[in-house]
Chemist: 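Provided herewith is a single structure, encoded as structure tokens, for subsequent inquiry.
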Amino acid sequence: MSKEQITALIKEGLDRAIAEGKLPAVDAGRIELDRPKRKEHGDWATNLALAVAGKVEMNPRQVAEAIKDSLPEAPDVISGVEVAGPGFINFHLAPHFVRAVLLEIEEKGAGFGACKVGAGRKVQVEFVSANPVGPLHVGHGRWAALGDALASVMSHAGYDVEREYYINDYGTQVNNFGLSISARYLEALGMDAEFPESGYRGQYIDDIARRIVDQHGDEFARMPQDERVSAFIEMEYPRMLGSIGATLEHMNVVFDVWFSERELYRKGEVEQAVTELEKKGQAYRDTGALWLRTTGYGDEKDRVLVRSNGEPTYFASDIAYHRDKMLRGFDLIIDIWGADHHGYVARMKAAMEAMGFGAEHLEVILGQLVKLFRSGEPVTMSKRTGEIVTLDELLDEVGADAARYFFLQRSADSPLDFDIELAKRESPENPVFYVQYAHARICSILTYAAESGADMSAPTGEDLDTLTEPSEMDLLRKLAELEEMVEFCAERRAPHRLTGYAEELAQAFHAFYRDCRVVTEDECLTRARIFAVRGVRQVLEVVLGLLGVTAPEKM
RNA sequence: GCCCACGUAGCUCAGUGGACAGAGCAACUGCCUCCUAAGCAGUAGGCCGUCGGUUCGACUCCGACCGUGGGCUCCA
């Protein structure tokens with residue numbers, strides 16, 4: 001990759017300039033090399049001279065000139081170097097070197113753009129993890145898209161990644177679920193029933209209740225309330241979980257592990273975790289409850305692990321869960337939570353410290369919420385009546401590709417305005433089609449080339465040298481950026497930047513298409529351009545694959 | 001009140017301490033005898049919330065303030 005090679009050249013240039021006495025000895029630190037925003041500033045630029053000028057008490061431009069003059073010759077890589085602006089050193093890559101990206105794509109195929117920053121570290125990304133007490137809503141779709149794409153891009157960056165869904169199948173929420181069904185069930189039978197205060201009021205609860213009546217009549221009405229509620233829980237939460245799984249599958253999100261909270265309790269892990277913390281002196285008893293001393297690790301106040309009635313809190317089981325993750329050998333745990341859980345981050349990190357794992361092993365990504373719009377008008381969602389737009393409804397309406405792409409366009413820190421009508425529109429204002437269209441267009445060109453008898457075999461080096469049009473060179477340069485994008489998105493946990501790259505690549509391709517015919521009378525050029533266009537197709541497939549969006553051959 | 005995030009074009013948002021701040025939409029103007037016009041080219045649109053600080057250099061880092069959203073349970 002060009003970045004390392006140029007960094008090495010700069011380092012050598014600096015060392016040589018010092019050795020030749022043009023510069024005083026100085027520690028350059030880490031050499032920064034960036035893609036300049038403006039094309040005329042070349043392919044790569046370094047601010048080294050600006051950074052060093054103060055230390056050596058020289059004019060930055062003089063420093064830059066000195067380094068430039070001492071740079072080793074590298075005609076295979078660089079075609080030009082200049083000092084510009086306040087003291088940047090700009091590098092222009094040799095065209096031959098730019099074209100070489102096509103050979104790399106050919107060689108690496110689906111592995112193109114991969115890198116090794118992850119160094120094989122074991123990472124778990126846990127996301128969605130919605131309580132199995134109702135259908136997924138649109139916000140869950142965002143976490144699903146985000147978690148899945150993050151896992152993909154980190155995997156491409158050399159991490160060993162697992163995707164996990166945590167099932168809260170224990171405690172208050174499932175109990176409320178059972179109580180809600182029970183109330184609707186009795187109502188459906190014309191009996192009096194008090195609907196629980198914090199019950200689930202969605203239509204789907206009525207549907208479940210009615211289905212039970214249809215299948216079982218009033219047989220559950222004769223049991224004691226507790227027995228009926230737990231019967232309903234056991235019957236219905238697995239079914240709900242199944243339907244959540246189906247929705248996620250509909251969105252092409254596949255988890256490696258579905259982890260049950262009940263299992264944690266069944267295996268005694270919650271108790272073990274609590275006992276361990278007590279033994280370590282991290283927990284104390286006060287007013288009948290057991291408290292974790294999270295204030296020792298930066299939390300605002302200590303938190304209850306076991307209530308005075310003997311019941312462990314959700315926090316306790318969450319601690320046990322994170323302990324279990326660490327014991328499974330992950331180097332890094334990434335949790336994706338809704339922004340409404342942000343108050344929970346400090347205490348969970350404190351708990352990691354209290355357990356002796358180190359808070360740096362846990363990263364929490366807080367996703368802002370999704371607001372739905374339809375033609376500019378907000379789609380109202382009411383918790384009170386339980387009227388929500390489900391993820392299934394959204395997927396049915398706009399399709400998995402558009403939904404995923406829209407969810408991924410914004411950084412997790414930004415609330416997302418999702419316009420259903422825009423996502424549905426099959427027109428240029430919809431960016432997902434813009435990118436997919438580039439892929440379809442390439443497929444169509446390749447079909448045309450084959451049908452018109454063009455030579456589809458690999459080009460020679462001389463053939464490749466016929467690629468000289470500015471817009472085709474720009475396209476090749478864009479291809480070469482994938483690897484640093486992957487590294488950036490993985491390290492910053494920012495898969496949304498990949499959508500921007502996808503659009504830039506598509507744009508570069510469409511500009512190429514405008515200027516350059518692929519199938520021409522010139523056999524050398526035709527071989528080279530077919531090869532180039534295949535490379536673009538490969539890279540589009542990689543990027544769309546990381547985003548979890550399909551790459552259609554026809555549109 | 002305290003904690004966190006956000007504040008960039010008319011709208012929705014990108015933006016990695018660097019050079020003249022970007023995209024899409026919306027508005028306006030052109031371009032199909034052609035491998036897909038789901039495309040391309042162009043015009044217009046900015047006090048990067050405000051004020052200070054750090055730096056050779058700040059949309060970017062720090063502080064204060066203003067605005068928006070979220071959180072501050074022996075809830076999950």
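Every value quoted in this text rests on a predicted model; they were computed, and no experiment measured them. So you know, we letter chains A, B, ... as the sequences are listed, proteins then strands, and number each from 1.
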Chemist: Please classify the nucleic acid contact of Glu311(A) as base, sugar-phosphate, or nothing, using heavy-atom distances under 4.0 Å.
Modeler: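 Glu311(A): no heavy atom of the nucleic acid under 4.0 Å.
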Chemist: Would you indicate which nucleotide in C35(B), A14(B), C74(B) comes nearest to any side-chain atom of Thr287(A)?
Modeler: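 Taking heavy atoms from C-beta onward, the closest nucleotide is C74(B).
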Chemist: Using a heavy-atom cut-off of under 4.0 Å over every strand shown, decide if Thr447(A) touches base, sugar-phosphate, or nothing.
Modeler: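 The answer is nothing, as Thr447(A) stays clear of every strand by at least 4.0 Å.
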Chemist: Would you mind reading off the distance between Asn47(A) atom CG and U55(B) atom C1', rounded to a whole angstrom?
Modeler: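 Checked: the CG to C1' distance equals 13 Å.
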Chemist: Please confirm whether any donor atom in the side chain of Ser308(A) sits under 3.5 Å from an acceptor in the base of C74(B), or the reverse.
Modeler: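 Answer yes: a donor N or O sits under 3.5 Å from an acceptor.
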Chemist: Which is true for Ala440(A) with a 4.0 Å heavy-atom rule: it touches a base, it touches only sugar-phosphate, or it touches nothing?
Modeler: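 Base, at least one base heavy atom under 4.0 Å.
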Chemist: For C59(B) and Lys37(A) - does any side-chain N or O of the residue sit under 4.0 Å from the phosphate oxygens OP1/OP2?
Modeler: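 Indeed not, no polar side-chain atom of Lys37(A) lies that close.
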Chemist: Just call it for Asn175(A): base, sugar-phosphate, or nothing, with non-hydrogen atoms closer than 4.0 Å on any strand.
Modeler: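 Asn175(A): no heavy atom of the nucleic acid under 4.0 Å.
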Chemist: Nearest of C35(B), U73(B), A38(B) to any side-chain atom of Ile445(A)?
Modeler: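 Of the options given, the side chain of Ile445(A) lies nearest C35(B).
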Chemist: Are the side chain of Ser308(A) and the backbone of Ala289(A) linked by a donor-acceptor contact shorter than 3.5 Å?
Modeler: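 Between the backbone of Ala289(A) and the side chain of Ser308(A) there is no qualifying donor-acceptor contact (under 3.5 Å).
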Chemist: If you measure from the Lys or Arg side-chain nitrogens to the Asp or Glu carboxylate oxygens, is any gap between Glu300(A) and Arg347(A) under 4.0 Å?
Modeler: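 Between Arg347(A) and Glu300(A) there is no salt bridge, as every charged N stays at least 4.0 Å from the carboxylate O atoms.
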Chemist: Quick one: label Arg497(A) by what it contacts on the DNA or RNA (base, sugar-phosphate, nothing), any heavy atom closer than 4.0 Å.
Modeler: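 Result for Arg497(A) = base.
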Chemist: For His342(A), report the nucleic acid contact type (base, sugar-phosphate, nothing); a contact means any heavy atom under 4.0 Å.
Modeler: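 The answer is base, as His342(A) lies within the cut-off (heavy atoms under 4.0 Å) of a base atom.
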Chemist: Need the pair for A41(B). Rule: Watson-Crick or G-U wobble, both distances under 3.5 Å, any strand; none if unpaired.
Modeler: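 By the stated definition (distances under 3.5 Å), U29(B) pairs with A41(B).
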Chemist: Looking at Arg35(A) and Glu484(A), is there a salt bridge between them, counting it only when a charged N and a carboxylate O are closer than 4.0 Å?
Modeler: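 Salt bridge flag = yes for Arg35(A) with Glu484(A).
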Chemist: If you check every side-chain atom of Gln507(A), which of C40(B), C13(B), A14(B) has the closest atom?
Modeler: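 Within the option list, the nearest is C40(B).
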Chemist: Specify the glycosidic conformation (syn or anti) of C20(B), with syn defined as within 90° of 0.
Modeler: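 C20(B): syn glycosidic orientation.
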Chemist: Can you check whether His41(A) stacks with the A19(B) base, using ring centres under 5.5 Å and planes within 30°?
Modeler: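 Check passed, His41(A) stacks on base of A19(B).
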Chemist: Is it true that Arg293(A) and Asp302(A) make a salt bridge, defined as a side-chain N closer than 4.0 Å to a carboxylate O?
Modeler: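 No salt bridge links Arg293(A) with Asp302(A).
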Chemist: Identify whether any heavy atom of Phe315(A) sits under 4.0 Å from a base atom; if not, whether one sits that close to sugar-phosphate; answer base, sugar-phosphate or nothing.
Modeler: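 Since no nucleic acid heavy atom lies under 4.0 Å of Phe315(A), the category is nothing.
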Chemist: For atom CD of Glu553(A), is the number of surrounding heavy atoms from other residues, nucleotides or ligands below 6.0 Å larger than 12?
Modeler: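 Count not over threshold, so no.
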Chemist: Looking at Asp340(A) and A76(B), is any side-chain donor or acceptor paired with a base atom of the opposite kind under 3.5 Å?
Modeler: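 Under the 3.5 Å cut-off, the side chain and the base do not form any donor-acceptor pair.
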Chemist: Taking A19(B) as the reference, what is the distance to A58(B) when you measure between their P atoms (whole Å, please)?
Modeler: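 10 Å, rounded to whole Å.
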Chemist: Does any nucleotide pair with C20(B) by Watson-Crick or G-U wobble geometry, both distances under 3.5 Å, and what is it?
Modeler: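 Paired with C20(B), as far as the under-3.5 Å criterion goes, is no nucleotide at all.
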Chemist: Answer with base, sugar-phosphate or nothing: what part of the nucleic acid does Glu40(A) contact at a heavy-atom distance below 4.0 Å?
Modeler: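 Answer is base: heavy atoms of Glu40(A) come under 4.0 Å of a base.
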Chemist: Find the partner of U68(B): check Watson-Crick (N1-N3 plus N6-O4 or O6-N4) and G-U wobble (N1-O2, O6-N3) distances, both under 3.5 Å, and reply none if neither fits.
Modeler: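 Base partner found: A5(B).
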Chemist: Could you check whether Cys489(A) gets within reach of a base, just the sugar-phosphate, or nothing at all, counting any heavy atom under 4.0 Å?
Modeler: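 It contacts nothing in the nucleic acid.
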Chemist: Give a yes/no verdict on base stacking between A19(B) and Phe88(A): centres under 5.5 Å, planes within less than 30° of parallel.
Modeler: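 Yes; by the centre-distance and plane-angle rule, Phe88(A) counts as stacking on A19(B).
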Chemist: Could you tell me how far G49(B) sits from U60(B) if I compare only their P atoms? Round to whole Å.
Modeler: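 Between the two P atoms, the distance is 8 Å.
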Chemist: Base, sugar-phosphate alone, or nothing: which one does Ala53(A) contact when heavy atoms must sit under 4.0 Å apart?
Modeler: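 Nothing, no nucleic acid heavy atom in range.
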Chemist: Once you apply a heavy-atom cut-off of 4.0 Å, does His341(A) come out as touching a base, just sugar-phosphate, or nothing?
Modeler: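 The residue His341(A) makes base contact.
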Chemist: With syn defined as a glycosidic angle within 90° of 0 and anti as the rest, where does C56(B) land?
Modeler: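 The base of C56(B) is oriented anti (glycosidic angle more than 90° from 0).
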Chemist: Given that Thr313(A) and Ala511(A) both sit by RNA chain B, which one's nearest nucleotide is further toward the 5' end?
Modeler: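 Its nearest nucleotide being more 5', the pick is Ala511(A).
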Chemist: Under a 3.5 Å cut-off for both distances, is G63(B) Watson-Crick or wobble paired, and to whom?
Modeler: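 Pairing partner, where one exists within any strand: C51(B).
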Chemist: Which whole number of Å gives the distance between the P atom of A9(B) and that of A21(B)?
Modeler: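 15 Å, rounded to whole Å.
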Chemist: Regarding Lys325(A) and Glu126(A), does a basic nitrogen lie under 4.0 Å from an acidic carboxylate oxygen?
Modeler: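 The answer is yes: the pair qualifies as a salt bridge.
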Chemist: Send over the distance from Ile365(A) CD1 to A5(B) C1', rounded to a whole Å.
Modeler: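 Going from CD1 in Ile365(A) over to C1' in A5(B) covers 14 Å.
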